[in-house]
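Remarks on the structure that follows.
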There are 2 protein chains.
Amino acid sequence: MPVTIYDVAKAAGVGISTVSRVLNENSNVREETRHRVLEAIEALGYKPNILARNLSRSHVQTVGVVLSYLTSPFQVTVLQGIERFLAQAGLDLTIFSMESPKRQETLLENLSHGRRCDGLIVISFTPQERFLQRFQRYHIPVVIADFRDERIPSVFVDNVEGGYLATKHLLGLGHRKIGYILDHTEPPNGSGGNEPGADRQRGYQQALLEAGIPFDPRLVAESGLHSRQRGAAAAEVLLNRGELLTAIFAASDMIALGVMEYARKKGLRIPDDLAVVGFDDIELASFAGLTTVRQPMQEMGRQAAEIVTWLMQGEKVLRTSCQLPVELVVRDSCGALALLERR
Amino acid sequence: MPVTIYDVAKAAGVGISTVSRVLNENSNVREETRHRVLEAIEALGYKPNILARNLSRSHVQTVGVVLSYLTSPFQVTVLQGIERFLAQAGLDLTIFSMESPKRQETLLENLSHGRRCDGLIVISFTPQERFLQRFQRYHIPVVIADFRDERIPSVFVDNVEGGYLATKHLLGLGHRKIGYILDHTEPPNGSGGNEPGADRQRGYQQALLEAGIPFDPRLVAESGLHSRQRGAAAAEVLLNRGELLTAIFAASDMIALGVMEYARKKGLRIPDDLAVVGFDDIELASFAGLTTVRQPMQEMGRQAAEIVTWLMQGEKVLRTSCQLPVELVVRDSCGALALLERR
DNA sequence: CTGTTAGCGCTTTCAG
DNA sequence: CTGAAAGCGCTAACAG
């Protein structure tokens with residue numbers, strides 16, 4: 001039923017390889033022949049069968065994106081950047097969501113020899129060594145977004161700087177007791193790389209240090225996840241430890257939003273009673289009037305996508321890591337009012 | 001280099017078709033033979049080549065999802081439901097984002113004969129007839145989520161009911177001048193189906209009618225898109241038409257959020273000066289304290305996914321449309337206070 | 001420049 | 001139950 005390359009060849013009075021040549025824009029075809037083939041293609045409404053082409057070329061014109069949650073606005077925004085780039089590069093994008101660590105295992109297991117995609121982008125985590133090796137054996141390039149890993153190409157921001165900026169800002173407003181909430185210190189699976197949350201804490205501590213304020217571990221809490229619920233819970237823990245915080249820096253906007261909700265529930269006014277700074281600058285942050293550290297999420301995705309495509313074409317990428325800038329975005333959640341009151 | 005079915009056959013001392021049989025769990029294999037093959041597979045670490053399998057079976061074990069914006073929390077949530085179902089069904093999910101109408105054309109054009117996926121789910125719009133025909137010719141089932149179209153299987157909610165519920169609620173609080181903001185009345189491309197925004201308006205009008213309030217077209221505005229910016233702009237238009245609205249019902253939470261932002265900017269207190277009701281119940285709505293009409297977004301995706309997979313297996317789906325329930329979720333954005341003040 | 005001929009690795013009749 | 005053989009539709013040497 002479907003028209004194949006043979007039909008076209010016959011109709012054009014040429015061999016199939018010639019048809020193949022014009023299909024693949026191979027130059028070695030006389031203009032006239034080429035024309036005849038094109039006409040036959042047009043006349044028959046021929047469309048090459050991708051499946052056959054894939055088998056023959058042994059690739060699938062697809063890059064996979066592995067992310068933990070489709071519920072994370074941050075990750076989805078990175079995904080957007082990836083999608084845009086891939087779309088205009090003519091590559092398909094298939095997504096793999098690994099909601100549980102166990103699922104992550106089986107997922108990477110499959111992907112690493114399944115040839116379901118020619119390249120892979122993982123967001124916000126780094127695969128275990130054994131998977132990395134397997135991907136390498138199968139020549140499937142992997143690049144990481146939002147996570148720094150020396151072993152493979154990664155695109156990330158300067159998290160230390162981000163944490164520093166946020167804390168510095170709070171300090172500048174007169175705050176002395178500043179809490180910090182991160183997702184988790186240790187990566188869920190014990191692989192290499194630098195956890196963004198931990199890096200941001202470094203920046204936080206550095207700013208404190210410069211301001212001559214001793215670091216107090218009782219002012220930091222872990223939320224586990226980047227969710228409002230967890231953020232609120234962590235805020236509760238922090239605020240009930242007996243230390244009188246006047247500000248909280250959260251490792252993500254989602255956590256910060258949770259902090260804001262908790263504060264609201266407890267009748268704490270923001271920023272008067274509690275200043276809050278987030279991280280990421282997801283769309284919601286502007287609605288909530290949240291001061292935050294902006295990451296170029298889309299750009300992060302775009303770059304990651306660009307790098308995999310290079311790698312997929314066999315190009316050696318020297319600059320194996322790519323650091324993007326962060327930027328403080330000041331909004332209402334830590335008004336200058338706080339400054340006056342506290343001095 | 002990679003181990004093929006031939007290697008396994010040789011190692012197990014059988015023919016390749018036997019290996020194929022055990023691979024595909026075909027019953028006609030003696031238990032002992034089967035065992036031997038399994039061992040060979042294990043020993044060699046054999047993994048079937050998906051590309052070859054795809055060509056042979058002529059399918060790709062993938063379903064495509066076409067959506068307009070990855071920026072829409074609503075669509076992403078539906079996507080989540082789809083992803084969950086597909087993952088456990090062992091199917092891959094590739095996403096196609098058509099940010100512009102022109103891109104939609106080329107996308108569907110390609111998809112419809114590219115055999116890049118075995119089934120398709122489109123979110124919030126309906127493809128033009130010619131594409132539908134082509135998909136049918138190529139036996140690629142298509143199902144729609146969040147849009148009703150008689151021509152193909154669709155999963156949607158009772159939008160009229162939703163609009164009715166929202167308006168009724170406002171009416172019950174004592175509001176008489178209730179505005180309505182929808183995205184657009186006419187579908188971007190002139191294809192069939194019922195626009196949700198228009199249906200919700202029907203419910204709105206019906207509630208008004210029952211309350212004996214004449215419908216005033218000056219109280220409805222179009223935002224064009226489901227975005228905060230557009231929502232705010234529409235609110236401005238509405239609020240400056242000279243009618244003294246006390247409440248606005250928005251066709252989506254994003255629009256409602258925009259309304260809230262605009263109100264905030266203008267110093268209007270919510271709900272005291274202006275009550276707001278949204279639609280969807282995206283995660284943000286609860287943060288914003290927005291009263292809204294909840295759609296079972298994940299479930300919508302799940303059902304759509306379930307239906308395509310049935311169709312892909314060649315099953316005839318009789319019940320070509322599936323309507324899910326909506327539910328009013330009351331939060332602060334239209335407090336009962338309004339009732340007292342206005343009476 | 002162009003046609004012939006092997007594969008790509010698996011599924012699937014069709015005989016035994 | 002099992003093996004041989006014929007595709008699936010295209011790409012890519014390899015000869016002309």
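Side chains included, hydrogens not; waters and symmetry mates left out as well; all remaining heavy atoms used. Remember, predicted model here, so these are calculated numbers, not experimental data.
- Checking the phosphate oxygens (OP1, OP2) of dC10(D), no side-chain nitrogen or oxygen of Ser20(A) falls inside 4.0 Å.
- With the nearest nucleotide of DNA chain D identified for both Val19(A) and Thr33(B), Thr33(B) has the one nearer the 5' end.
- The 12-atom threshold is not exceeded at CD of Gln136(A), counting heavy atoms of other residues, nucleotides or ligands nearer than 6.0 Å.
- Proximity of a side-chain donor or acceptor of Thr309(B) to a complementary backbone N or O of Ala305(B) within less than 3.5 Å is detected.
- The residue from Ile144(B), Val155(B), Ile82(B) that alone fulfils the side-chain contact (heavy atoms from CB on, under 4.5 Å) condition with Ile123(B) is Ile82(B).
- For the OP1/OP2 pair of dT2(C) and a distance below 4.0 Å, the side-chain nitrogens and oxygens of Ser17(A) include no atom meeting the criterion.
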Which atoms of nucleotides 14-16 of chain D (N or O only) lie under 3.5 Å from a protein N or O atom, and what are those distances?
none

Item to check | Audit row: Gln104(A), Glu99(A), side-chain hydrogen bond (donor to acceptor under 3.5 Å, both in side chains) steps and yes/no | outcome: CA-CA 7 Å; Gln104(A) 178 187 318; Glu99(A) 314 210 325; over 6 Å; no
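- Classification of Glu105(B) and Arg130(B) as a salt-bridged pair holds, one side-chain N sitting under 4.0 Å from a carboxylate O.
- Near DNA chain C, defined here as any heavy-atom distance below 4.0 Å, the residues from residues 5-15 of chain A are Gly13(A), Val14(A), Gly15(A), listed numerically.
- Here the closest heavy-atom approach between residue Gly64(A) and residue Cys117(A) is recorded as N-CB, 3.6 Å.
- In this structure, Arg148(B) pairs ionically with Glu150(B), as a charged nitrogen and a carboxylate oxygen lie closer than 4.0 Å.
- A straight line from CD1 of Ile16(B) to C1' of dC8(C) spans 13 Å, rounded to a whole angstrom.
- When each of Asn24(B) and Arg34(A) is assigned the nucleotide of DNA chain C bearing its nearest heavy atom, the one mapping closer to the 5' terminus is Arg34(A).
- What separates CD of Gln61(B) from P of dC10(C) is a distance of 15 Å, to the nearest Å.
- Shown here is Gln88(B), whose CD atom has more than 12 heavy atoms of other residues, nucleotides or ligands within 6.0 Å.
- With hydrogens and angles ignored, the 3.5 Å screen pairs no side-chain donor or acceptor of Thr18(B) with any backbone N or O of Val14(B).
- Environment of CD in Gln313(A): crowded, with over 12 heavy atoms of neighbouring residues, nucleotides or ligands closer than 6.0 Å.
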Item to check | Residue pair Glu299(B), Arg302(B): steps toward the salt bridge (charged side-chain N to carboxylate O under 4.0 Å, His left out) verdict | outcome: CA-CA 5 Å; Glu299(B) 180 60 15; Arg302(B) 207 197 63 73; 3.4 Å; yes
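- Within residues 39-59 of chain B, the residues approached by DNA chain D to less than 4.0 Å at the level of any non-hydrogen atom are Leu55(B), Ser56(B), in residue-number order.
- Taking only side-chain atoms of Thr4(B), from C-beta outward, the nucleotide of dT11(D), dG3(C), dG9(C) with the closest atom is dG9(C).
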